[in-house]
Amino acid sequence: MNQILFQIIFLLSKLPFKILYFISDFIFFIIYYVIRYRKKVVLENLKNSFPEKSDQEIKNISKKFYHNFSDYIVETLKAFTISDESLHQRVQHINLEVFSESQKKQKNVMMLSGHVFNWEWFNSLATIIPQEKCFPIYRKMQNPFWEEKIKKIRSRYGNEALEADDVMKHILRNPNDGNSVYMFVADQTPHISMVNFGLKFLNQKTPVFVGYDRLSGRMNVTFVYCEMEKIKRGHYRVTYHEITPTNQKFEPYEVVKKFHQNLEKTINKNPDNWLWSHRKWKYKDAIKHFDE
């Protein structure tokens, strides 16, 4: 059954974008009006994040989010077969100098992005930066068949996808010589057993993943925030900003705080372009250390 479904997905991915976005419009109608996918979660997240906005404004953002989410679904399907040339035409990469400078300084790069659409299209970056090795970080799936297929998508363009549980060991063993880039989607919600540190994010007490922050005190690496913007349907712009310490060295949790400050600014610019359907705040009461 998995193989049959994959063959259908593979064939769909070969369709031109014009048809795929027609399918996206149909998906939007189904998830927004028919099954109302996580609508309560989305509205609650938006209301808590933007208490100053009216109910109508919240509803408008919600509706646009579902449009973007539907586009994300078909764009992820397209990732199976999209050509390098097509992806480079659809994703602009701004301020690539940060990668060249890091290589000159012999410092590996830790890229930090959020669940801003479409984060799945970062992978082609590996073909246009000087670093020899790029490692997208992903969460292992329960189904081995789909685990292999999703890993294959993220390992295109010469990337080597790493499972999240293995990444720290890999980073510490890999030479810090400026020739490696690690791609984190850094606004993941930690499991309740791993909730320790929290901060104020989008007007809410928020548990945050801090694994990458620990590297700031152990290794001399370059942290880069990836500011993703949707220019128009199927076209994106990513601007890369180096995250630097306030003083000579990073303080504990400084990287994670600055990442979330940058991400909040990105979300405030285009609030419909972030993944509001995930339960970001479900473990907020488990936070042990909170930074106001």
*NZ or CZ of K78 within 45° of F17 ring axis and under 6.0 Å*: yes

*Might you point out which heavy atoms bring L12 and L20 nearest each other, and give the distance in Å?*
O-CD2, 3.5 Å

*Check whether NZ of the Lys or CZ of the Arg K230 lies under 6.0 Å from the centre of the six-membered ring of F117 and within 45 degrees of that ring's axis.*
no

_Could you walk me through whether V41 and S277 satisfy the side chain to side chain contact (heavy atoms under 4.5 Å, CB included) test, starting with their C-alpha distance in whole Å, then the side-chain angles of each, then the deciding distance to 0.1 Å, before giving a yes or no?_
CA-CA 6 Å; V41 173; S277 56; 5.6 Å; no

*Which is it for K258 and T246 under the side-chain hydrogen bond (donor to acceptor under 3.5 Å, both in side chains) test, yes or no, and what are the steps along the way?*
CA-CA 10 Å; K258 288 187 173 180; T246 303; 3.2 Å; yes

*Would you kindly check if the NZ (Lys) or CZ (Arg) of K39 is within the cone defined by 45 degrees around the ring axis of Y32 and under 6.0 Å from the six-membered ring centre?*
yes

*asked:* Just by distance, no angles: are the side chains of N95 and T239 close enough, under 3.5 Å, to form a donor-acceptor pair?
replied: no

*Of all heavy-atom pairs between Y236 and E75, which one has the smallest distance, and what is that distance?*
OH-OE1, 2.7 Å

*Would you name the heavy atoms of H93 and L125 that are closest together and state the gap between them?*
ND1-CD1, 3.7 Å

_Residue pair N203, S49: steps toward the side-chain hydrogen bond (donor to acceptor under 3.5 Å, both in side chains) verdict_ = CA-CA 5 Å; N203 292 303; S49 298; over 6 Å; no

*asked:* I'd like to check Y212 versus Y182 (side-chain heavy atoms, cut-off strictly below 4.5 Å). Are they in contact?
replied: no

*asked:* Would you say that more than 12 heavy atoms from the other residues, nucleotides or ligands in this model lie under 6.0 Å from the NZ of K14, or not?
replied: no

_Please determine whether side-chain hydrogen bond (donor to acceptor under 3.5 Å, both in side chains) holds for the pair D71 and S24, giving the CA-CA distance in whole Å, both sets of side-chain angles, and the decisive distance to 0.1 Å._
CA-CA 6 Å; D71 283 355; S24 172; 2.6 Å; yes

*asked:* If I take atom CG from residue D55 and atom CG from residue N60, how far apart are they, to the nearest 0.5 angstrom?
replied: 11.0 Å

_Name the residue from N108, D177, N179 that meets the side-chain hydrogen bond (donor to acceptor under 3.5 Å, both in side chains) definition with Q103._
N179

_Lys NZ or Arg CZ of R214 over Y253 ring: under 6.0 Å, within 45°_ = no

_If you take the centroid of each ring, where Trp contributes its six-membered ring, are Y66 and F28 closer together than 6.0 Å?_
no

